[in-house]
Amino acid sequence: MRLRGTACAAAGLLLAVATGCTGGTEDGAPAPSPALARATGASPRATPTPTPADPVSLPALMQREHTGSELRLGDVLDRNSAYTRYAVTYEANGLTISGVMNIPQGKGPFPALVLAHGYIDPDVYFSGQGMPREQDRLARAGHVVLHTDYRNHARSDEDPDNDVNLRLGYTEDVIGAALALRNSGRPEIDGDRIGLFGRSMGGGVVYNTLVVAPGLFDAAVVYAPVSARPQENIDHFQRPDGDPLVAEIEEKHGTPEEDPAFWRGVSPLTYADRVGEPLLIQHGTADDTCPIAWSREVAAVFGEAGKDVELRTVPGEGHTFGPRWAAEMEVTEAFFARHLR
């Protein structure tokens with residue numbers, strides 16, 4: 001894995017922060033992980049030992065030495081003229097994570113994409129669920145496509161504290177997926193060209209990943225993403241349904257009024273200055289699941305931080321994209337083609 005030049009200098013439900021969360025580095029985010037520098041062969045910057053972060057926070061993930069390895073291809077799930085679909089597992093920070101991977105037919109190496117799916121109840125989720133259209137189309141366009149199941153899903157290992165800890169573990173699973181691709185040694189995979197694509201809750205996972213591990217991916221796309229402020233997601237999705245997890249979260253971490261510093265520390269908006277990758281956000285104007293205002297805020301905050309971010313508002317499209325899906329996928333493919341060179 002490598003960081004890319006000066007551009008690299010410098011969680012539905014990924015939960016979102018409440019009052020007082022803005023762009024900038026007021027919480028003193030650490031420099032990129034030494035693990036990333038080692039993977040690139042670059043010398044890590046000499047920096048003071050960072051103050052230990054709240055273990056449930058984005059700074060804690062920034063300070064962690066992330067690992068991803070042992071990408072294993074299992075059963076062939078499907079084979080067609082364009083690609084072969086495999087059940088896969090990989091290791092991410094000590095957990096085994098399952099998923100599916102489409103490998104194009106023909107001579108590689110091919111650029112790779114990690115797909116981060118939206119919220120599906122883990123009790124009913126099956127491996128590879130959530131982005132089947134995207135998996136198929138992107139593989140047919142010549143990408144190795146690794147769809148991660150996340151921890152607690154399908155055949156992945158369990159993490160009993162993940163939900164009460166705002167599902168930040170999903171960010172680790174995505175980082176591990178990229179590292180596993182880079183470290184696989186498989187001739188079909190171009191480890192120097194990897195993009196990230198997330199939908200709905202997976203869009204929030206993408207935001208987290210961009211601030212935790214800047215430079216890990218070459219480019220990122222999200223569509224119909226959740227809020228980048230976890231408390232907004234709680235208030236929008238969980239509290240109206242009387243989800244008992246809300247009380248557990250607030251008992252452990254406090255409310256935004258009781259502990260605003262904690263909630264700033266779990267919002268990627270707080271660390272917008274760390275983003276290195278170009279980001280494309282696609283959001284339908286008729287989305288009644290994730291308000292488009294959430295994407296407008298991310299685009300504004302990242303843009304004010306000088307980041308390469310584009311927001312495409314899609315007239316009339318709802319949360320899952322229907323009539324305009326194919327056209328927007330053309331935009332997505334062109335975006336990745338520009339940046340995964």
Side-chain angles (χ1 to χ4, degrees), residues 11-21 54-58 60-61 116-127 129-131 148-154 156-174 198-208 222-270 283-298 317-321:
L13 187 64
L14 151 288
L15 304 142
V17 70
T19 58
C21 176
D54 185 315
V56 182
S57 68
L58 294 176
L61 292 184
H117 66 81
Y119 179 77
I120 301 169
D121 185 344
D123 289 338
V124 301
Y125 177 90
F126 57 84
S127 187
Q129 187 179 5
M131 300 178 74
T148 178
D149 289 333
Y150 305 136
R151 60 192 63 196
N152 299 334
H153 290 68
S156 298
D157 283 349
E158 294 295 314
D159 178 359
D161 296 325
N162 189 58
D163 284 349
V164 76
N165 288 340
L166 309 190
R167 299 175 184 158
L168 291 180
Y170 298 162
T171 301
E172 298 180 72
D173 301 338
V174 164
R199 142 171 175 72
S200 194
M201 180 190 72
V205 176
V206 169
Y207 295 153
N208 280 355
V222 298
Y223 78 98
V226 295
S227 175
R229 299 179 181 270
Q231 187 58 39
E232 285 184 344
N233 290 319
I234 291 174
D235 290 342
H236 187 76
F237 294 111
Q238 294 175 278
R239 200 181 301 277
D241 291 338
D243 187 342
L245 183 60
V246 175
E248 294 182 48
I249 290 170
E250 293 180 345
E251 180 179 0
K252 182 172 182 179
H253 303 298
T255 66
E257 294 73 25
E258 292 166 344
D259 194 347
F262 169 82
W263 291 95
R264 285 195 298 272
V266 293
S267 170
L269 295 177
T270 307
H283 209 132
T285 60
D287 190 334
D288 58 3
T289 300
C290 292
I292 196 171
W294 292 348
S295 288
R296 295 188 194 280
E297 180 180 36
V298 171
E317 276 292 357
H319 189 59
T320 58
F321 281 40

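These numbers come from the heavy atoms of this one structure, side chains and all, not from hydrogens, waters or symmetry mates. Just so we're clear, the structure is a prediction, and the values are computed from it rather than from any experiment.
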[X] (side chain) donor-acceptor with [Y] (main chain) under 3.5 angstrom:
| X | Y | value |
| --- | --- | --- |
| D243 | L245 | yes |
| W263 | E257 | no |
| D173 | R151 | yes |

When you look at D149 and S156, which way does the side-chain hydrogen bond (donor to acceptor under 3.5 Å, both in side chains) test go after all the steps? CA-CA 7 Å; D149 289 333; S156 298; 4.8 Å; no
Search all heavy atoms of [X] against all heavy atoms of [Y] and return the closest pair with its distance.
| X | Y | value |
| --- | --- | --- |
| M131 | H117 | SD-CA, 3.8 Å |
| L269 | A228 | CG-CB, 3.7 Å |
| D159 | N152 | N-OD1, 2.5 Å |
| A224 | C290 | O-SG, 3.9 Å |
| S57 | V266 | CA-CG1, 4.0 Å |
| P225 | H283 | CD-ND1, 3.5 Å |

Could you pull out all residues at least two apart from R239 that satisfy salt bridge (charged side-chain N to carboxylate O under 4.0 Å, His left out)? D235, E250
What pairs with H319 under side chain to side chain donor-acceptor pair (under 3.5 Å), at least two apart in sequence or on another chain? S200, D287
If the condition is side chain to side chain donor-acceptor pair (under 3.5 Å), which residues does D259 pass it with, not counting sequence neighbours? none
Measuring from [X]:[atom1] to [Y]:[atom2], what's the distance to the nearest 0.5 Å?
| X | Y | atom1 | atom2 | answer |
| --- | --- | --- | --- | --- |
| S267 | N208 | OG | CG | 8.0 Å |
| D163 | L168 | CG | CG | 11.0 Å |
| E317 | Y223 | CD | OH | 10.0 Å |
| N162 | E172 | CG | CD | 8.5 Å |
| D54 | R264 | CG | CZ | 12.5 Å |

Pair M201, I120 - check side chain to side chain contact (heavy atoms under 4.5 Å, CB included), show working. CA-CA 9 Å; M201 180 190 72; I120 301 169; over 6 Å; no
Could you check F126 against H153 for side chain to side chain contact (heavy atoms under 4.5 Å, CB included), going step by step and ending with a plain yes or no? CA-CA 7 Å; F126 57 84; H153 290 68; over 6 Å; no
Decide yes or no for N165 and K252: does some side-chain heavy atom of the first lie under 4.5 Å from some side-chain heavy atom of the second? yes
Classify the ring geometry between [X] and [Y] as parallel (under 30°), tilted (30 to 60°) or perpendicular (over 60°).
| X | Y | result |
| --- | --- | --- |
| W294 | H236 | perpendicular |
| F262 | H253 | parallel |
| Y170 | Y150 | parallel |

Walk me through whether F237 and T289 qualify under side chain to side chain contact (heavy atoms under 4.5 Å, CB included). CA-CA 9 Å; F237 294 111; T289 300; 3.8 Å; yes
